[in-house]
Amino acid sequence: MANSLVVEDFSLRHTLECGQFFRWNRASEDVYEVQRKDVSFRVWQEGGRLYFTDVSAGFVKQFFSLDHDLPAITRAIDRDPWMHAAIRRYWGLRILRQDPWECTAAFVTSIASNIPRITRNIEDMTGAFGIGRQFPLPEELGSEQRLRALRLGFRAKYLVDAARLAGAGLLEDIESMSERDGRDALMVIPGVAEKVADCVLLYAYGRLGAFPVDTWIRKVMRQIYFEGRRASDERIRHFASHYFGRYAGYAQQYLYVYSREHWDEIAAKSVPKSDTAVIRDLASKVMTTRVLARAQRP
DNA sequence: GGCCAGGTCCAAT
DNA sequence: ATTGGACATGGC
């Protein structure tokens, strides 16, 4: 027996398949089977109606962030033709509210990997150590040796450390911390540095300003906003937070999926013509801010 | 067959 | 502060 919900500005497909989340599969052409912690449910969308089994409407609203004001968010980040195209192409994509431990484990697993393999690694860990279909709790995750046997490679050691610290409660206080402090707390975990920490902040803690810089984002940001020149991850993040504002994380996600589908086009056209001046202006403001900050330092 | 993948860590500039 | 190599495994 399925329940349903009227949804606006939401695409189940784009939300699940954009690379932010790995614990789903297709039960059929339109039906997704989704696992989040101890919850396993089916979900499908028919136009403006979302159908689901085994979970409450409240859970669905929360998990899919149906409370986010997507029109306002996309209006805020819609600063140039590339972002505009990305938003149009993936209209309805929302940042999920994942479980912090699962999200941390998933993005530690993602290090120097690829989506099919990450998905398989997570399934393997669930099958080997989880109870039922639940991803193993921190206390249930196997030893480094057993994780290596599951082909986690050098990530095995990181996962063991992450489980130990998560089991000790590291992830529980982050909700109430500032973004900066939460990031620092996450980075205490060996195997969690800037990129993975930003993924967890964005995908699990709803810190929509977090801007994970991975190889794709680095490539596309340099191409579009830095005239093809190198820029450190720090500069990219700094630029993004000024340029896109408090919803920069959403911009990151749209850019991520869009660039993977349209890279050739981006590489060919480079800087968005109509907004080159705006970008240059902002980039110089960012530089000025940095210089001033440096000058004021004792 | 070498190169790179939703990186991180460590050591050497 | 920035840069290069190691780290496991897999897909092209």
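No experiment lies behind these values; they were computed from the predicted model shown. The sequence lines fix the lettering, A, B, ..., with proteins before strands; numbering per chain opens at 1.
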Review point. Hey, can you pull the residues of residues 112-123 of chain A with a non-hydrogen atom under 4.0 angstrom from DNA chain B?
Key: A:A112, A:S113, A:N114, A:I115
Identify all pairs in which a protein N or O lies below 3.5 Å from an N or O of nucleotides 10-13 of chain B, and state each distance.
none

Exercise for review: Have a look at A:G19 and say if it touches a base, only the backbone sugar-phosphate, or nothing, with a 4.0 Å heavy-atom cut-off.
Suggested key: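 Base, at least one base heavy atom under 4.0 Å.
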Practice item. Just call it for A:V213: base, sugar-phosphate, or nothing, with non-hydrogen atoms closer than 4.0 Å on any strand. Key: nothing
Review point. Does A:R260 have any side-chain hydrogen bond (donor to acceptor under 3.5 Å, both in side chains) partners at least two apart in sequence or in another chain, and if so, which?
Key: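 With neighbours one apart ignored, the set is A:Y256.
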Point to revise | Non-neighbouring partners of A:F107 that pass ring-ring contact (aromatic ring centres under 6.0 Å, His included), sequence neighbours left out | key: A:F22, A:Y203
Practice item. Give the minimum heavy-atom separation between A:P71 and A:D9, together with the two atoms involved. Key: CG-OD2, 3.3 Å
Exercise for review: Name every residue in residues 140-172 of chain A that has at least one heavy atom under 4.0 Å from any atom of DNA chain C, in order of residue number, or write none if there are no such residues.
Suggested key: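 The stretch gives A:R148, A:R151, A:G153, A:F154, A:R155 as the residues lying under 4.0 Å from the strand, ordered by number.
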Point to revise | Member of A:F21, A:W24, A:F52 meeting the ring pair (Phe, Tyr, Trp, His ring centres under 6.0 Å) criterion with A:F63 | key: A:F21
Return all side-chain donor-acceptor pairs below 3.5 angstrom for residues 125-138 of chain A, not counting sequence neighbours, or 'none' if the list is empty.
residue : atom : partner : partner atom : Å
A:T126  : OG1  : A:I122  : O            : 2.9
A:R133  : NH2  : A:E33   : OE1          : 2.8
A:R133  : NH2  : A:Q35   : OE1          : 3.2

Point to revise | Sidechain N-carboxylate O distance under 4.0 Å for A:R26, A:E17 | key: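 Salt bridge present between A:R26 and A:E17.
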Review point. Is there a salt bridge (Lys or Arg N to Asp or Glu O under 4.0 Å) between A:D67 and A:R97 once you walk through the steps?
Key: CA-CA 11 Å; A:D67 56 320; A:R97 283 194 179 89; 2.9 Å; yes
